[in-house]
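The block underneath contains the structure these notes are about, expressed in structure tokens.
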Number of protein chains: 2
Amino acid sequence: MQMDERKQKILKAIVQDYIATAEPVGSRTISKKFELGVSPATIRNEMADLEELGFIEQPHTSAGRVPSDLGYRYYVENLMDPFDLDEERKRMINQELAKRLDEIQEVIEYTGKLVSQITNLTSLVLKPQTRECTLKKLYFLPYEDGKAIMVTVKDNGMVENSIVDIGTDTTPEELQILANIYNEKLSGSKASDLKKGLLNELYRELARKRRIIDGMLTILERMFDQKSGDNTERVYLDGTLNMLNQPEFKDINKVKTLFSIFEENRKLQELLAPKDKGEGLNITIGSENPDLAFKDCSIISATYNINGKQIGTIGVLGPTRMDYRKAISIVDYMTKSLTDMLTNRYRNQKT
Amino acid sequence: MQMDERKQKILKAIVQDYIATAEPVGSRTISKKFELGVSPATIRNEMADLEELGFIEQPHTSAGRVPSDLGYRYYVENLMDPFDLDEERKRMINQELAKRLDEIQEVIEYTGKLVSQITNLTSLVLKPQTRECTLKKLYFLPYEDGKAIMVTVKDNGMVENSIVDIGTDTTPEELQILANIYNEKLSGSKASDLKKGLLNELYRELARKRRIIDGMLTILERMFDQKSGDNTERVYLDGTLNMLNQPEFKDINKVKTLFSIFEENRKLQELLAPKDKGEGLNITIGSENPDLAFKDCSIISATYNINGKQIGTIGVLGPTRMDYRKAISIVDYMTKSLTDMLTNRYRNQKT
DNA sequence: GATTAGCACTCACCTGGATAGAGTGCTAAC
DNA sequence: GTTAGCACTCTATCCAGGTGAGTGCTAATC
């Protein structure tokens, strides 16, 4: 059995109607609402076929049909009309983003906020991956006895500070030396390569100051240990409460499992991690999802870049019965817009 | 009609049983579970009195009794047995907090996490109020053309950085001058006084460099404007999902209103803002609460200090039917413990 | 006078059966 | 190939009756 044009039309009608109403859709409804020029009986026959093909299913015998994950997949790939945001909204988005462009963290989080507001779904944003960035500059500032403020500048323009233990016997001058070595010799290393590189470099350069160096290494080592725990905050969520408005989450237990996962940053990261393909939009529907807890959810995501380098992901999560047209167009537009803006803004910081 | 000892015992029994079971409690249950030596009939008479006094109420005629807000209030103030955490747990708490003492933000947030874990309720933590802190040190570091990294150290030990626009015609040396003036003359000003003080000081000291100063002022002004938006993040929540386990929140709509408020930082701040009394524990029960959304919730809170100066609040939020004994003892212990630790740790940073 | 046993009463909740309604699948006619 | 008709299935809703927890009142008891 093959998909012919009429079957496609019917599947499309089912998906659209179900997305709109959240109720199983029957043959009568279709023949009335969508003008296919055939009677309910005919549609019933076609629906039986569609069910056999696995595109739709019946919650129970006397109910209408509901799209299966496969049905959504087919709809998304073959049937969905393209959908463009209206210019008004595009302008609004660009304007709001531009306002916040100076603070990279803020503009990215705000993007998530916009996505969830516009879609009425939950937005997920994977923020720039600290580990993948290279460190451009390293400074030390005095803090108090035995401690110093370490300020790091990443190549994507992010600035972070942390307090490091230096012991009471390290002088500001020694710190200065460490920073200078770093800034002159190692600027641009990957954070993950840093330890090794710095070790070698330091031993070579300053073999005579071994004692100091040993101390420094401990500091840096500890710092990177600390900073790898930084992963915890990498996914930014917004609009989680929107899920409560979806009829599929009227059951408190579903809410509980879903929200529990929301608190597990690691799982969310896996979910958003750029797939092999990397480029373009990623759509994961229902049980295509690795985690069982998301078997009734779909995720649309896309990566954004700075200077052609993927640095994060924007996604939107909703019930499988979500408005794919809208969600996709928004995620698509948002990532492109963000990419453009960030690239323009941080163009001069190419490494 | 007056409260006599037996009425008190019965009220106490009702409150305790209802807290434990979340079911309206009847006369029979009381005479069986709690050994008062009187028959259900007697208890019924007393209960009728207690109801007349406003301490308990009946959901419907044929149901048992439930404590009213007034009843909880009476229980908390007159009937509740004191409750001490066991030493084991205290040690655990102290140990966990001590581990994180170096990062003031972290130790405070972790306190919230512990509170919610131990109580199985939602914890609210009001973090140190940036505005009230004084600025201890100010540094500038090079960033890129026209911008600099400004690093500030507060008297409570917090370090923050932000990127400031300095225009292309400001030299590092000029920045250095600004920072020096600040560090020498104004260290310890309140952030809110800073602008005025710095203005005067700068004009007096360096009248001849008016052009630079004007630029600087703009920077600082903007920075403080930015940082006053910092309020948004001042309340830290943990264990919000615990609320979903409470039977009183099996209705999705209640969850929705509650969680919506959780996202309104301002409201939470009002809730936690130290009351006039300030000192000691604050207990707000049900409709004593200013916001209708919390009419079924109670909040226990207390302030923590550094060097005797109130800097924040720790609170726990749960249904009115929460375990007040446990909640109170934990909030109490936590604030005291945190106060001790912070005061010890940051003793040397008195302003 | 306080306490208690006894009893009638109320009300939420559960159960089972009847009913309505939506939707199907099949068959036979077009 | 399409459609009208019809029997069938299954859910949701309603209603009646039964159950049980709990009460309030009254009269007997301590």
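In what follows, chains are A, B, ... by sequence order, proteins preceding strands, each numbered from 1. Computation of the quantities below employed the complete heavy-atom set of this structure, encompassing side-chain atoms and omitting hydrogens, waters and symmetry-equivalent molecules.
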- Item | Distance, rounded to the nearest Å, where I56(A) contributes CD1 and dT24(C) contributes C1' | 12 Å

- salt bridge (charged side-chain N to carboxylate O under 4.0 Å, His left out) between E87(B) and K90(B), intermediate numbers included: CA-CA 5 Å; E87(B) 293 305 318; K90(B) 284 187 186 173; 3.6 Å; yes

Please write out the pairs of protein N or O atoms and N or O atoms of nucleotides 9-11 of chain D separated by less than 3.5 Å, giving the distance to one decimal.
{"unit_1": "dC10(D)", "atom_1": "O2", "unit_2": "S62(A)", "atom_2": "OG", "d": "2.8"}

- Item | Single hit among T122(A), N242(A), D238(A) for side chain to side chain donor-acceptor pair (under 3.5 Å) with S116(A) | D238(A)

- Item | Pair Y324(A)-S298(A), side-chain donor/acceptor within less than 3.5 Å | yes

- Please assess K254(A) against E248(A) for the test salt bridge (charged side-chain N to carboxylate O under 4.0 Å, His left out), listing each intermediate value before the final yes or no. CA-CA 8 Å; K254(A) 285 196 178 176; E248(A) 25 274 278; over 6 Å; no

- Query: L50(A) has an atom CG; how far is it from atom C1' of dT24(C), in whole Å?
  - Reply: 15 Å

- For side-chain contact (heavy atoms from CB on, under 4.5 Å), just list the numbers for V235(B) and L271(B), CA-CA rounded to whole Å, side-chain angles, deciding distance to a tenth of an Å, and then say yes or no. CA-CA 10 Å; V235(B) 177; L271(B) 230 52; over 6 Å; no

- Message: If you assign each of G64(B) and N45(B) to its closest nucleotide in DNA chain D, which residue comes earlier from the 5' end?
- Response: G64(B)

- Choose from dT23(D), dT24(C), dA4(D) the nucleotide whose nearest atom is closest to any side-chain atom of R44(A). dT24(C)

- Per side chain to side chain contact (heavy atoms under 4.5 Å, CB included), Y18(B) is matched among R321(B), E23(B), R65(B) by R321(B)

- Message: Categorize A63(A) for me: base, sugar-phosphate, or nothing, with a 4.0 angstrom heavy-atom threshold over every strand shown.
- Response: sugar-phosphate

- Query: Would you say the side chain of K12(B) lies within less than 4.5 Å of the side chain of F34(B), judging by non-hydrogen atoms?
  - Reply: no

- Message: Applying salt bridge (charged side-chain N to carboxylate O under 4.0 Å, His left out) to K336(A) and D332(A), what does each step give before you reach the verdict?
- Response: CA-CA 6 Å; K336(A) 284 183 179 148; D332(A) 187 51; 3.2 Å; yes

- Nucleotide dT3(C), atom P - distance to CE of M47(B) in whole Å: 16 Å

- Message: With a 6.0 Å cut-off (strictly less than), is the heavy-atom count around CD of E77(A), excluding the residue itself, greater than 12?
- Response: yes

- Query: When the ring centroid of Y72(A) is compared with that of Y75(A), is the distance short of 6.0 Å?
  - Reply: no

- Message: Could you work out how much the helix from dG1(C)-dC30(D) to dC30(C)-dG1(D) bends, comparing the axis of its first five pairs with that of its last five, to 10°?
- Response: 20°

- Task: Output the single nucleotide from dT24(C), dT23(D), dT2(D) whose closest atom is nearest the side chain of R65(A).
- Result: dT24(C)

- Task: May I have the distance from E46(B) (atom CD) to dA2(C) (atom P), rounded to whole angstrom?
- Result: 10 Å

- Tell me, which of residues 6-35 of chain A have any heavy atom that sits under 4.0 Å from an atom in DNA chain C? G26(A), S27(A)

- For L36(A) and dG1(D), give me the distance from atom CG to atom P, rounded to whole Å. 18 Å

- Message: What is the distance, to the nearest angstrom, from the CD1 atom on I43(B) to the P atom on dT4(C)?
- Response: 9 Å

- Query: Heavy-atom count around R325(A) CZ within 6.0 Å, excluding the residue itself: above 12?
  - Reply: yes

- Query: Nearest to the side chain of T42(B) - dT3(C), dG6(C), dG25(C)?
  - Reply: dT3(C)

